[in-house]
Peer 1: 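Okay, here's the structure, questions in a sec.
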There are 2 protein chains.
Amino acid sequence: MSHDPFHHHLPIAAPLAGHRGDAAPSGAVLPEPLADGELGSDEVLQVGDLAKRSGKTVRAIHLYEELGLLRPNARSKGRFRLFGGDALVRVRWIGKLQDLGLSLGDIQAVVREWEQSSSAPGAMSKMREVYRQKLASTREQIRRLTALEAELADSLAYLETCDVCDPARLVSACTCCDRHEPQAPPELVSGFRAS
Amino acid sequence: MSHDPFHHHLPIAAPLAGHRGDAAPSGAVLPEPLADGELGSDEVLQVGDLAKRSGKTVRAIHLYEELGLLRPNARSKGRFRLFGGDALVRVRWIGKLQDLGLSLGDIQAVVREWEQSSSAPGAMSKMREVYRQKLASTREQIRRLTALEAELADSLAYLETCDVCDPARLVSACTCCDRHEPQAPPELVSGFRAS
DNA sequence: GTCGTCTCTCACCCATACGTAAGGGTTGTC
DNA sequence: GACAACCCTTACGTATGGGTGAGAGACGAC
């Protein structure tokens with residue numbers, strides 16, 4: 001969907017879970033216990049609240065709005081943005097799509113497509129198409145990472161042998177020395193040597 | 001190693017395999033059949049050759065050299081860069097590290113560390129440390145993608161129900177309509193609705 | 001009213017990994 | 001020697017996903 005969604009640089013890991021210790025006071029007799037981050041559908045959030053609950057920054061949320069991915073339900077008298085609980089759902093959804101490898105531009109396209117289509121099954125089938133493609137590429141991605149995982153493990157095993165090496169040995173003699181005789185070094189190891 | 005190696009945008013898939021149909025002429029009696037992309041260790045490559053064989057662009061290779069990740073073995077009279085087969089190994093190695101989520105800056109650090117250390121086992125143990133960390137984060141990454149994969153599959157299953165829907169039905173009535181009654185929509189689906 | 005904490009809207013800044021164009025030599029093949 | 005195809009260096013451009021103020025107003029508790 002982007003011009004070049006693939007090519008190098010995989011992400012590494014995401015925080016995804018801000019640690020907040022504030023659970024609902026036990027035994028509260030309030031209308032809804034509001035498990036963790038959930039909120040009553042009538043709750044009103046300012047951008048800062050939305051940011052905290054979604055783990056994004058205020059700036060990010062503004063950006064999403066600029067891109068048309070999100071709209072406040074209303075504004076206060078003083079022009080403060082006022083969001084409902086659905087905005088939180090939306091922001092989390094955006095985050096998930098980003099995790100899937102969609103750029104904000106991609107998400108923009110998805111949203112526009114959704115908003116412009118009037119026939120429900122038509123829209124749904126387009127969305128399915130997007131998700132189907134993403135499912136395929138996600139699986140491909142998993143395959144690639146799994147291959148890299150194996151290579152890493154191999155390389156680590158290979159490098160273990162070096163522990164027994166003479167500490168005075170020079171690096172120049174390394175990477176494919178006599179200690180690990182028969183096997184050729186894995187690519188992740190032989191890359192060191194080349195200039 | 002980068003300031004912020006995680007955070008969103010996973011990659012999608014990499015080509016990794018340029019399709020080139022030129023296998024070695026069968027039955028050749030040459031010193032080495034040169035399986036696919038391999039070459040005799042004495043072969044000389046210009047940047048364009050190196051680029052083609054590694055799947056990178058000439059510009060990328062120049063960049064790697066600027067960053068100190070790569071050095072030509074020599075120059076021709078006319079200042080053309082001349083690489084050996086090890087350069088190909090090196091470029092592929094760079095690509096793999098990028099796939100693992102290392103930035104070029106990270107790789108720079110790795111290379112410098114390698115080149116500066118004199119004690120072989122010391123250098124090796126540092127490299128092992130890098131690889132160990134990457135192995136961990138790669139596994140984490142795989143876990144996350146696998147979770148997303150499951151979510152995608154769920155969402156697709158949920159959306160299948162929409163096929164039987166009345167084509168005239170409005171999108172506004174959608175995302176959580178009566179056809180798929182009991183289950184709440186997955187987050188990847190409920191995100192459509194929120195404004 | 002007044003303080004502290006949000007929030008508002010510009011508007012420019014950052015890093016990454018190259019792309020791309022300019023202007024000009026080099027190689028090697030016919 | 002002429003030509004295509006390749007290479008050289010320099011240098012600015014590009015897309016992404018926000019970060020980071022600045023200057024000014026809003027909210028709410030006391």
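Just so it is clear: chains get the letters A, B, ... in the order the sequence lines come, proteins before strands, and each one is counted from 1.
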Peer 1: Round to the nearest Å and state the distance from A/Glu65 atom CD to D/dG17 atom C1'.
Peer 2: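 Atom CD in A/Glu65 sits about 17 Å away from atom C1' in D/dG17.
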Peer 1: When you get a sec, tell me which of D/dC27, C/dC12, D/dC6 is the closest nucleotide to the side chain of A/Lys77?
Peer 2: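 For the A/Lys77 side chain, the nearest candidate turns out to be D/dC27.
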Peer 1: Of B/Glu66 and A/Val58, whose nearest nucleotide on DNA chain D comes first from the 5' end?
Peer 2: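 Whichever sits nearer the 5' end wins; that is B/Glu66.
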Peer 1: Quick one: sort the A/Phe192 and B/Trp93 rings into parallel, tilted or perpendicular, breaks at 30° and 60°.
Peer 2: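 Geometry flag for B/Trp93 against A/Phe192: perpendicular rings.
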Peer 1: Do the non-hydrogen side-chain atoms of A/Phe83 and A/Arg81 ever get within less than 4.5 Å of each other?
Peer 2: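 They are in contact (side-chain heavy atoms under 4.5 Å apart), so the answer is yes.
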Peer 1: Run the salt bridge (Lys or Arg N to Asp or Glu O under 4.0 Å) test on A/Arg71 and A/Glu65 for me, step by step, so that the C-alpha distance in whole Å, both residues' side-chain angles and the decisive distance to 0.1 Å come before the verdict.
Peer 2: CA-CA 6 Å; A/Arg71 255 191 322 281; A/Glu65 190 186 341; over 6 Å; no
Peer 1: Begin from the C-alpha positions of A/Tyr131 and B/Leu159 and carry the test side-chain contact (heavy atoms from CB on, under 4.5 Å) through to its verdict.
Peer 2: CA-CA 10 Å; A/Tyr131 281 178; B/Leu159 291 177; 4.1 Å; yes
Peer 1: In this structure, how many angstroms lie between the C1' atom of D/dA5 and the CG atom of B/Asp49, rounded?
Peer 2: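 Rounded to the whole Å, the gap is 12 Å.
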Peer 1: Respond yes when some side-chain nitrogen or oxygen of A/His62 is under 4.0 Å from OP1 or OP2 of C/dT9, and no when none is.
Peer 2: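 Negative; the distance criterion is not met.
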Peer 1: Under 4.0 Å from OP1 or OP2 of D/dT16: is there any side-chain N or O of A/Gln108 that close?
Peer 2: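 False: A/Gln108 side-chain N/O out of range (4.0 Å or more) of D/dT16 OP1/OP2.
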Peer 1: Between A/Ser76 and A/Tyr64, which is nearer to the 5' end of DNA chain D once each is assigned its nearest nucleotide?
Peer 2: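 Its nearest nucleotide being more 5', the pick is A/Tyr64.
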Peer 1: In this structure, how many angstroms lie between the C1' atom of C/dG19 and the NZ atom of B/Lys56, rounded?
Peer 2: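 Those two atoms, NZ and C1', are 15 Å apart.
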Peer 1: Taking atom P of D/dC6 as reference, at what distance in whole Å does atom CG of B/Leu50 sit?
Peer 2: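 That distance rounds to 15 Å.
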Peer 1: OP1 or OP2 of C/dC8 sitting under 4.0 Å from any side-chain N/O of A/Arg81?
Peer 2: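 Result: yes.
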Peer 1: When we call it a touch if two heavy atoms are under 4.0 Å apart, what does A/Leu63 touch: a base, just sugar-phosphate, or nothing?
Peer 2: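 Base: the residue A/Leu63, judged by heavy atoms under 4.0 Å, touches a nucleobase.
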Peer 1: Mind checking if A/Arg79 touches a base, just sugar-phosphate, or nothing, with heavy atoms under 4.0 Å?
Peer 2: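 The answer is sugar-phosphate, as A/Arg79 gets under 4.0 Å only of primed atoms, P, OP1 or OP2.
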Peer 1: Given C/dA17, C/dC12, D/dC8, identify the nucleotide with an atom nearest to the side chain of A/Arg59.
Peer 2: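 Shortest atom-to-atom distance from the side chain points to C/dC12.
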Peer 1: Of the options C/dA17, D/dG17, C/dC8, whose atoms approach the side-chain atoms of A/Val47 most closely?
Peer 2: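 Of all the options, the side chain of A/Val47 is nearest to C/dC8.
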Peer 1: Locate the shortest heavy-atom distance separating A/Ser155 from A/Leu188; write the atom from each residue and the value.
Peer 2: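 It is OG-CB, 3.3 Å.
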Peer 1: What is the distance, rounded to the nearest whole Å, between atom CZ of B/Arg75 and atom C1' of C/dT26?
Peer 2: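 From B/Arg75 CZ to C/dT26 C1': 13 Å.
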Peer 1: From CZ of B/Phe80 over to P of D/dC6, roughly how many Å is that when rounded to an integer?
Peer 2: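 That distance rounds to 11 Å.
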Peer 1: When you check the phosphate oxygens OP1 and OP2 of C/dG28, does a side-chain N or O of B/Gln46 lie under 4.0 Å from one of them?
Peer 2: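 No, B/Gln46 has no side-chain N/O under 4.0 Å of OP1/OP2 on C/dG28.
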Peer 1: Provide, to the nearest angstrom, the distance between the CG atom belonging to A/Leu82 and the P atom belonging to C/dC6.
Peer 2: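 Answer to the nearest Å: 16 Å.
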